[in-house]
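When a residue number appears, it is its place in the shown sequence, counting from 1. Heavy atoms only: backbone and side chains are in, while hydrogens, waters and symmetry mates are out.
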Amino acid sequence: MIHSLIDFVVRVIARVLETFARLPRRSKQATVFLGDCALLVLSVWIAYFMRLGEWSFANEPVRIFGIVAAATMIPIFYATGLYQFIFRHAGVGLLRTLVGAFVAYTAVIATIFTLAGISPVPRTLGLVQPLLLFVMIGAFRLVIRALIVDLLERRRFSGDVRRVLIYGAGMAGQRLAASMQSDPAFRCCGYIDDDMRLAGQRLDGLPVYRAEQAADIIARNGISDVMLALPQIGRHRRREILGQLSGLGVVVQTLPTLSEMIGGSVSFDDLRPLEIEDLLGREPVAPNALLVARTTLRKSVMVTGAGGSIGSELCRQIVAAGAARLVLFEVTEFALYSIHSELAALAAHSDIEIVPILGSIEARALVERVLAEHGVDTIYHAAAYKHVPLVEANPVAAVRNNVLGTRTLVDAAGAAKVSDFILVSTDKAVRPTNVMGASKRAAEQIVQAAAARASHTRFSMVRFGNVLGSSGSVVPLFRQQIEAGGPITLTHREVTRYFMTISEAAGLVIQAGGLASGGEVFVLDMGNPVKIGELARLMIRLSGLTERTSDNPDGDIGIEEVGLRPGEKLYEELLIGENPQVTRHARIMKAREDHVGARELERMLNALDEADEPGAVIAALRELVPEFEHRRDDAPSPGQRPPTSSPAIAS
């Protein structure tokens, strides 16, 4: 009987709220205004009773006070914008406005009735009634908001409600919980926090648990999502937390770091899906401003391949470093349009000139004209075909772009007396087993030979491994496969790669350019190598899913081993020799490596230029890059062994 009565009352309230929700905005405002007027009258009656101990609804003191109070409240509430708030989104802003309105209201009422006095109204009413009215109107709005969000909108919502824990009970976590209250698709079940002083406490009615209780709380409460509200922690601590959560079957989302967040407010909209960079990325090292400035500050800088993964990030950091002019050289129209639009917005309030150039680095006349017209001081050469299987299938086009295009650019840079030329290279250039790696090693040799004879230009190159999230990285591929329900395709269970975030790689490339004196091969410290199979399993777990195996046939995502692609290595290397040297930067090493002499190089490049079919191109590449062992089977290269760390660390 009692349950039926409660259900009837809930249905009646929901019907009233549905009617209220369908009203035009002005009608809603009028309804709330009438409610405030009713509360004003009620507050006067109660205040009079509290002062004299008797109820009186229409005697002279009550009438006088009520008329003056109404004449004061109505213009103040409208002037402060109290009726402009939508209840379902009411929060700190409404509270701030409400306090401001009542400060003004109390000042007027207290001045009239308490300080000046009007007979026969008791003076204390000028203080008691405003306080009562503030409490009643505040409670009125909180009740309506709670009914709309917790009763009406949650009754309307027909999907699955995701049960959430917030990791971090600080200000960011509390604001995130408050923001979540207006979304019926989520129900916040509490906080996890490392601060032992908060354990067992409640914040706004939500319990706070210790970190070691996470597994038990997640299992006991059916938690589907954990949201990290820890914008101030470093990557090392973030990795520890993610490692703790990765096997618990929950989806992990995170707020950006403080450096990524703009402004001080935190809302549900700031959350982003967990990126693998959050786990594999290292603690950032503050850039050396002097090294960055040497090739960028107030310089005319050109980036080839400006629309690519590395090229576009180089452009962003060059704009931030204060270059005078940035020339975007790109062969793909849409990529050029995208990066130019983005950078034009970033540079709108600065003096930097952004120049978009659509064309190929193989076009000698265009390259020479651009360098002359724009007085280019520094070139970052990131343009290359780099997708291993595509390059393997199209060796003629790849060599013309990666090798002969680099020769054109190097020759033009030397003739134009460009100050600095930095080639962006790859670990696949070391003892290459595929056309892409061999073409990049050939490009390195072109730059090395130019450095040996250059008098005005400092030629150098920077070699590093995979960057997370780039167009050639496995990370976006794995993410797409997980979103599609799998399976994840893995070339080989033992494949190992070095990884670095795009922003860190681009920053170190710029700083390596600042270290160059000419002819160096700079090698970036890539940290510890990662097994691609473990990376795939990690991404599955951090998506709140399980791996489907023979032991777990009901898992969500399977992993299929499809075999090494043509020319692919099990393990990548960063150095040809074993003699890396330290530099002024902790994460940049340098080496001097042998290269073909200028005259012999020119002969080989001419032969490469004349080759017009794949077999001839590969033969010419083998002569130019003696260590090139072209493999088209699935066997590992001779002598390959799994690395334990990048050479920069090992040395």
ask   = Hey, does the side chain of Thr304 reach the backbone of Ala383 with a donor-acceptor pair shorter than 3.5 angstrom?
value = yes
**Request:** Mind running side chain to side chain contact (heavy atoms under 4.5 Å, CB included) on Tyr167 and Ile241 for me, showing each step along the way?
**Result:** CA-CA 9 Å; Tyr167 203 121; Ile241 293 172; 3.7 Å; yes
inquiry  = With side chain to side chain donor-acceptor pair (under 3.5 Å) as the criterion, how do His630 and Glu392 come out once you've worked through the C-alpha distance, each side chain's angles and the decisive distance to 0.1 Å?
reply    = CA-CA 10 Å; His630 192 221; Glu392 203 67 28; 2.3 Å; yes
_pair Gln481-Thr489: side-chain heavy atoms closer than 4.5 Å_ = yes
In this structure, CE of Met604 is separated from CD1 of Ile446 (nearest 0.5 Å) by 12.0 Å
Can Gln317 and Glu313 be counted as having a side-chain donor-acceptor contact under 3.5 angstrom?
yes
Review point. Is there a side-chain contact between Val521 and Lys590, using heavy atoms and a 4.5 Å cut-off?
Key: no
Side chains of Val303 and Leu328: does their closest heavy-atom pair fall under 4.5 Å? no
Pair Asp420 + Lys299, salt bridge at N-O below 4.0 Å: no
For Thr406, the side chain to side chain donor-acceptor pair (under 3.5 Å) test, sequence neighbours excluded, returns His381
### Task
Decide whether Ser460 and Glu520 meet the rule of one side-chain donor and one side-chain acceptor closer than 3.5 Å.
no
Query raised in the report: Judged by atom type as modelled, is there a donor-acceptor pair below 3.5 Å linking the side chain of Gln511 to the main-chain atoms of Gly507?
Result: yes
Determine yes or no for a side-chain-to-main-chain donor-acceptor pair under 3.5 angstrom, with Gln448 supplying the side chain and Gly519 the backbone. no
Scanning both residues in full, the closest heavy-atom pair of Ala611 with Arg400 reads O-NH2, 3.6 Å
Residues passing the salt bridge (charged side-chain N to carboxylate O under 4.0 Å, His left out) test with Glu623, sequence neighbours excluded, are Arg603
Applied to residues 337-354, the salt bridge (charged side-chain N to carboxylate O under 4.0 Å, His left out) test, sequence neighbours excluded, yields Arg316-Glu342, Arg325-Glu353
Counting only N and O atoms by type, is there a donor-acceptor contact under 3.5 Å from the side chain of Thr457 to the main-chain atoms of Ala454? no
Heavy-atom closest pair (Ser517 atom, Arg458 atom, distance to 0.1 Å) is O-CG, 3.7 Å
In short, Phe459 meets Gly414 closest at the heavy-atom pair CZ-N, 4.2 Å
Test side chain to side chain contact (heavy atoms under 4.5 Å, CB included) on Val399 and Ile618 and set out the steps. CA-CA 9 Å; Val399 162; Ile618 291 170; over 6 Å; no
When rounded to the nearest 0.5 Å, the distance separating CZ of Phe522 from OG of Ser425 is 13.5 Å
The side chain to side chain donor-acceptor pair (under 3.5 Å) partners of Thr295 (sequence neighbours excluded) come to Tyr380
Query raised in the report: Hey, is the main chain of Ile339 close enough, under 3.5 Å, to the side chain of Ser312 for a donor-acceptor pair?
Result: no
| message | Could you tell me if the side chain of Leu601 sits less than 4.5 Å from the side chain of Leu624, heavy atoms only? | response | yes
Between Ile352 and Ala347, the two heavy atoms sitting closest are CG2-CB, 3.2 Å
**Prompt:** Given side chains that start at C-beta, do those of Leu423 and Lys440 come closer than 4.5 Å, heavy atoms only?
**Reply:** yes
**Asked** Does Asp609 use its side chain to pair, donor to acceptor, with the backbone of Leu605 at less than 3.5 Å?
**Response** no
dist Leu297:CG -> Ile318:CD1 (nearest 0.5 Å) comes out at 12.5 Å
When rounded to the nearest 0.5 Å, the distance separating CG of Leu314 from OG of Ser503 is 11.5 Å
Query - Side chains of Ile166 and Val226 in contact at under 4.5 Å (non-hydrogen atoms) - result: no
dist Arg294:CZ -> Asn288:CG (nearest 0.5 Å) comes out at 11.5 Å
NZ/NE/NH1/NH2 to OD/OE distance under 4.0 Å, Glu444 and Arg441: yes
Scanning both residues in full, the closest heavy-atom pair of Ala397 with Tyr385 reads O-CE1, 3.7 Å
Less than 4.5 Å apart, side chain to side chain, heavy atoms only: is that true for His387 and Met436? no
Quiz item: If only atom types and distance count, is the side chain of Asn394 paired as donor or acceptor with the main-chain N or O of Leu390 below 3.5 Å?
Solution: yes
Q) Checking Asp377 side chain against Ser300 main chain: does a donor-acceptor pair fall under 3.5 Å? A) yes
Interatomic distance, CG@Leu291 vs CZ@Arg584, rounded to 0.5 Å, equals 5.0 Å
Quiz item: Is Val355 close to Leu326 at the side-chain level, that is, under 4.5 Å between some pair of heavy atoms?
Solution: no
Taking every heavy atom of Ala505 against every heavy atom of Phe464, the minimum-distance pair comes out as CB-CE1, 4.1 Å
Would Leu508 and Arg587 count as a side chain to side chain contact (heavy atoms under 4.5 Å, CB included) if you check the C-alpha gap in whole Å, the side-chain angles of each, and the deciding distance to 0.1 Å?
-> CA-CA 8 Å; Leu508 291 177; Arg587 291 188 179 172; 4.2 Å; yes
Note to self: Could you check whether any side-chain N or O of Arg463 sits under 3.5 Å from a backbone N or O of Lys428, counting only pairs where one atom can act as donor and the other as acceptor?
What the structure shows: no
Taken in chain and number order and not counting sequence neighbours, the residues that satisfy salt bridge (charged side-chain N to carboxylate O under 4.0 Å, His left out) with Asp225 are Arg162
Only distances under 3.5 Å count here; give the side-chain donor-acceptor pairs of residues 360-374 to other protein atoms, sequence neighbours excluded, each with its distance to 0.1 Å.
from	atom 1	to	atom 2	distance (Å)
Ser360	OG	Glu362	N	3.1
Arg369	NH1	Glu373	OE2	3.4

Criterion side chain to side chain contact (heavy atoms under 4.5 Å, CB included) on Phe478 and Ile540, from CA distance to verdict: CA-CA 9 Å; Phe478 286 176; Ile540 291 172; over 6 Å; no
